[in-house]
Amino acid sequence: MLDNTGRGQRGRFNKGRSGNLAGRPKGSRNLTTRAIEALLDGEGEDIMRKAIELAKGGDGLALRACLVRLLPPRRDRPVAFEMPRFETLADLPKASGALLAAVAAGELTLSEAIEFSKLIDAHVRAIEAADIDERLAKIEAKLE
């Protein structure tokens with residue numbers, strides 16, 4: 001017998017068919033998170049005060065927890081780097097050369113240079129797309 005609940009013979013949902021086609025509501029929290037929040041409700045200040053006392057007393061883990069809470073790790077920082085302008089593919093060696101020189105001089109880290117090279121690559125693709133569009137327009141104009 002067929003049923004339209006999306007369940008198989010054992011009563012379990014078939015793969016890719018949960019029965020909830022709308023999916024989980026955005027922003028909803030799972031049961032464990034809600035339980036922990038309920039336990040900590042109103043206790044956060046006391047717990048943080050105790051963690052600070054332990055940190056002051058020399059507890060390394062408590063100190064680390066406090067520092068992470070007060071000073072979260074920085075993901076990015078502004079980078080001062082003078083990128084030469086390049087508007088054609090012929091200008092590309094100037095940009096990549098400046099990038100290599102900055103890494104060699106210690107002005108940029110390798111990971112910063114990799115991120116800059118991604119930007120250069122995106123700009124190269126934009127130049128190429130504009131060039132193709134221009135060439136296509138010329139060909140279409142000749143055909144008319």
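The residues of the chain are indexed from 1 along the displayed sequence.
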Do [X] and [Y] sit in one hydrophobic cluster, given that two such residues count as connected whenever their side-chain heavy atoms are within less than 4.5 Å of each other, even indirectly?
X: V103; Y: V79; result: yes
X: I120; Y: I114; result: no
X: L100; Y: L89; result: no
X: L54; Y: M48; result: no

Roughly how far, to the nearest 0.5 Å, is [atom2] of [Y] from [atom1] of [X]?
X: L63; Y: K56; atom1: CG; atom2: NZ; answer: 11.5 Å
X: R34; Y: T32; atom1: CZ; atom2: OG1; answer: 9.5 Å
X: L31; Y: I36; atom1: CG; atom2: CD1; answer: 10.0 Å
X: E53; Y: D59; atom1: CD; atom2: CG; answer: 12.0 Å

Under 3.5 Å, is there a donor-acceptor pair between the side chain of E115 and the main chain of E112? no

Evaluate the side chain to side chain contact (heavy atoms under 4.5 Å, CB included) criterion for residues E37 and T33: first the C-alpha distance (whole Å), next the side-chain angles of each, then the deciding distance (0.1 Å), finally the verdict. CA-CA 6 Å; E37 286 175 347; T33 303; 3.9 Å; yes

Minimum-distance pair of heavy atoms, taken over all atoms of [X] and [Y]:
X: L99; Y: F116; result: CD1-CB, 3.5 Å
X: F86; Y: H123; result: O-NE2, 3.1 Å
X: A102; Y: F81; result: CB-CE1, 3.4 Å

May I ask you to say whether [X] pairs ionically with [Y], meaning some side-chain N is under 4.0 Å from a carboxylate O?
X: D121; Y: R125; result: yes
X: R85; Y: E87; result: yes
X: D91; Y: K94; result: yes

Counting only heavy atoms from other residues, nucleotides and ligands, does the tally under 6.0 Å from CG of L61 exceed 12? no

